[in-house]
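Comments concern the structure below.
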Amino acid sequence: MTNFHIRPDFHVRHGSEVADALRDGRPVVALESTIVSHGLPRPDNLRVAREIEQAVRDAGAVPATIGMVGGQLVVGLDDAELTRLATVDGVAKLSVRDLALAAATGADGATTVAATSAVAAAAGIGVFATGGLGGVHREAAQTFDESADLVTLARTPIAVVCAGVKSILDVGATLERLETLGVGVVGFRTRRFPGFFITDGGFDLDWSLDSAEQVADVLAAREQHDVHHGGLIVANPLPTDEQLDPALHDRTLADGLALLQRDGVTGKAVTPYLLAHFHSATEGASLAVNVRIILRNADLAARIAVAAAARRAGA
Ligand code: PSU
Ligand code: MN
């Protein structure tokens with residue numbers, strides 16, 4: 001019998017600008033699409049997605065926003081693809097385990113920190129900018145809800161520039177898990193782990209670095225040792241005068257956690273639900289802070305990528 005099933009091609013597609021930059025050893029910064037599709041409200045999400053890419057360019061690197069369009073995994077979405085993931089309904093939230101399922105079924109999907117890190121590292125990109133990392137949820141002792149971001153970073157050699165984790169999570173437990181999993185954590189010009197909307201998440205860090213060049217040195221050391229093959233979290237806090245008002249933050253958080261309980265929200269819907277609650281309950285104040293965080297992280301990530309590329313070129 002003839003088999004009429006035509007096998008689709010599942011190769012990862014690189015945007016042409018990203019492909020050229022990687023071939024020439026120029027600096028590239030990976031960006032995730034889950035913040036665009038699920039983390040930021042429409043219509044601001046598309047504008048912000050473009051601003052993030054521009055922030056990377058302004059600091060001298062090429063942005064590679066990663067996502068899945070009609071089953072094709074893309075490193076370096078073009079503007080039409082970015083628009084599609086920001087505006088159409090039914091974009092799946094993809095962690096690493098979902099990538100092949102989404103490809104084989106021809107889905108549109110946005111990649112989380114976990115999936116973006118894994119795809120970026122496989123593509124030879126060493127630096128990734130995002131807003132906040134996933135982590136251990138507050139009821140994890142009962143629900144076992146811990147983001148796959150953590151375990152993925154344990155085995156993925158990439159530097160993730162973020163503003164720590166949101167206090168919608170159990171910040172202390174998240175730091176403990178990162179230690180257990182062997183993920184490096186360093187404060188950028190701070191020895192306190194940031195709490196995303198708020199400058200200080202309440203926990204000390206063992207390490208602090210002061211410049212993008214120093215971060216590039218860490219990446220070079222890890223590569224030359226070839227001993228630690230996990231990720232490095234570069235925690236970049238907002239200045240205190242730019243953080244969300246801590247009283248407003250605490251109120252919004254308490255309300256959000258109560259609503260979560262009331263509505264019985266679980267699993268991968270928890271993070272988007274709480275983010276949407278913050279954006280509506282603070283009447284946009286948290287959105288402005290969120291955008292500021294991402295743009296600062298994109299800038300720092302690009303400067304790290306530039307320093308790393310200069311180091312490679314000089315070596
Ligand atoms: N934290 C944020 N904003 C976000 C996310 C996390 O402050 O948009 C997104 C990231 O893509 C992250 C994902 O990887 O949520 C974590 O989801 P989960 O908890 O379901 O693993
Ligand atoms: Mn989860």
Side-chain angles (χ1 to χ4, degrees), residues 30-42 44-45 48-49 52 65-68 85-86 91-99 109-120 128-154 156 158 160-171 173-174 177-178 181 183 193-198 201 231 233 235-238 243-244 249 252-253 256 260 265-279 282 286-287 289-298:
L31 300 168
E32 63 155 312
S33 42
T34 292
I35 49 175
V36 179
S37 302
H38 303 284
L40 295 167
R42 297 182 200 167
D44 302 275
N45 60 344
V48 175
I52 301 168
T65 306
I66 292 174
M68 186 171 287
L85 294 188
V91 175
K93 175 177 163 185
L94 306 179
S95 194
V96 184
R97 67 172 187 162
D98 305 306
L99 291 172
T111 50
T112 63
V113 169
T116 306
S117 301
V119 174
F128 167 24
T130 186
L133 202 67
V136 180
H137 284 264
R138 283 166 177 251
E139 306 294 323
Q142 280 79 46
T143 62
F144 277 46
D145 189 354
E146 172 182 326
S147 177
D149 292 355
L150 303 188
V151 71
T152 301
L153 287 175
T156 306
I158 195 156
V160 183
V161 180
C162 66
V165 299
K166 288 206 175 83
S167 41
I168 60 176
L169 301 172
D170 184 332
V171 181
T174 300
R177 287 291 290 151
L178 288 169
L181 290 165
V183 180
F193 192 62
F196 195 82
F197 290 129
I198 47 179
I233 293 170
N236 185 31
L238 271 182
Q243 67 181 341
L244 191 64
H249 170 270
T252 309
L253 176 61
L260 204 62
V265 179
T266 57
K268 70 198 239 182
V270 168
T271 301
Y273 182 95
L274 285 170
L275 298 182
H277 168 71
F278 258 88
H279 295 323
T282 66
S286 72
L287 177 61
V289 173
N290 201 336
V291 172
R292 182 83 186 113
I293 286 169
I294 304 173
L295 295 179
R296 283 170 47 89
N297 292 346

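Predicted, not measured: the structure shown is a model, and the values here were computed from it. For reference, positions follow the sequence shown, starting with 1. Remember, it's 1-based here, ligands and their atoms both numbered in the order they're listed.
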Check whether any side-chain N or O of [X] sits under 3.5 Å from a backbone N or O of [Y] as a donor-acceptor pair, and report yes or no.
{"X": "Thr111", "Y": "Glu32", "answer": "no"}
{"X": "Ser37", "Y": "Leu85", "answer": "yes"}
{"X": "Asp170", "Y": "Arg138", "answer": "no"}

Numbering the atoms of ligand 1 from 1, which are under 4.0 Å from a heavy atom of [X]?
{"X": "Gly132", "answer": "1 (N), 2 (C), 6 (C), 7 (O)"}
{"X": "Gly39", "answer": "8 (O)"}
{"X": "His137", "answer": "19 (O)"}
{"X": "Lys93", "answer": "17 (O), 18 (P), 20 (O)"}
{"X": "Asp149", "answer": "12 (C), 14 (O), 16 (C)"}
{"X": "Lys166", "answer": "2 (C), 3 (N), 7 (O)"}
{"X": "Ile35", "answer": "4 (C), 8 (O)"}
{"X": "Leu275", "answer": "3 (N), 4 (C), 8 (O)"}

Inset, instruction - Taking atom types as modelled, find out whether Thr143 and His137 have a side-chain donor-acceptor pair closer than 3.5 angstrom. - result: no
Legend entry - Plane angle bin for His279 and Phe197 - parallel if under 30°, tilted between 30 and 60°, otherwise perpendicular: perpendicular
Inset, instruction - For residues Val270 and Asp145, determine if any side-chain heavy atom of one lies less than 4.5 Å from a side-chain heavy atom of the other. - result: yes
Legend entry - Ile168 side chain near Phe278 side chain, heavy-atom distance below 4.5 Å: yes
Inset, instruction - Identify the heavy atoms of Val160 and Leu153 that sit nearest to each other, and give their distance. - result: CG2-CD2, 3.8 Å
Inset, instruction - Indicate the atoms forming the closest heavy-atom contact of Thr152 with Ala118, along with that distance. - result: CG2-CB, 4.3 Å
Provide, to 0.1 Å, the distance between [atom] and the closest protein heavy atom, together with that atom's residue and name.
{"atom": "atom 11 (O) of ligand 1", "value": "Glu32 OE1, 2.6 Å"}
{"atom": "atom 9 (C) of ligand 1", "value": "Thr34 CG2, 4.0 Å"}
{"atom": "atom 21 (O) of ligand 1", "value": "Ser147 OG, 2.7 Å"}

Inset, instruction - Consider ligand 1: state whether an atom of it lies below 4.0 angstrom from any non-hydrogen atom of His38. - result: no
Inset, instruction - Find the distance between CD1 (Ile35) and OG1 (Thr112) and round it off to the nearest 0.5 Å. - result: 11.5 Å
Inset, instruction - Of the side chain and backbone of Val165, name the one, both, or neither that has a heavy atom under 4.0 Å from an atom of ligand 1. - result: neither
Legend entry - Under-4.0 Å heavy-atom contact with ligand 1, by part of Thr271 that carries it: side chain
Legend entry - Residue Asp145 atom name (nearest to the Mn ion (ligand 2); N/O/S): OD1
Inset, instruction - Count the heavy atoms belonging to other residues, nucleotides or ligands that lie under 6.0 Å from CZ of Arg42, then report whether that count exceeds 12. - result: yes
Legend entry - Any N/O pair Thr111/ligand 1 closer than 3.5 Å: no
Inset, instruction - Ignoring angles and geometry beyond distance, decide whether Val113 reaches within less than 3.5 Å of ligand 1 through its nitrogen or oxygen atoms. - result: yes
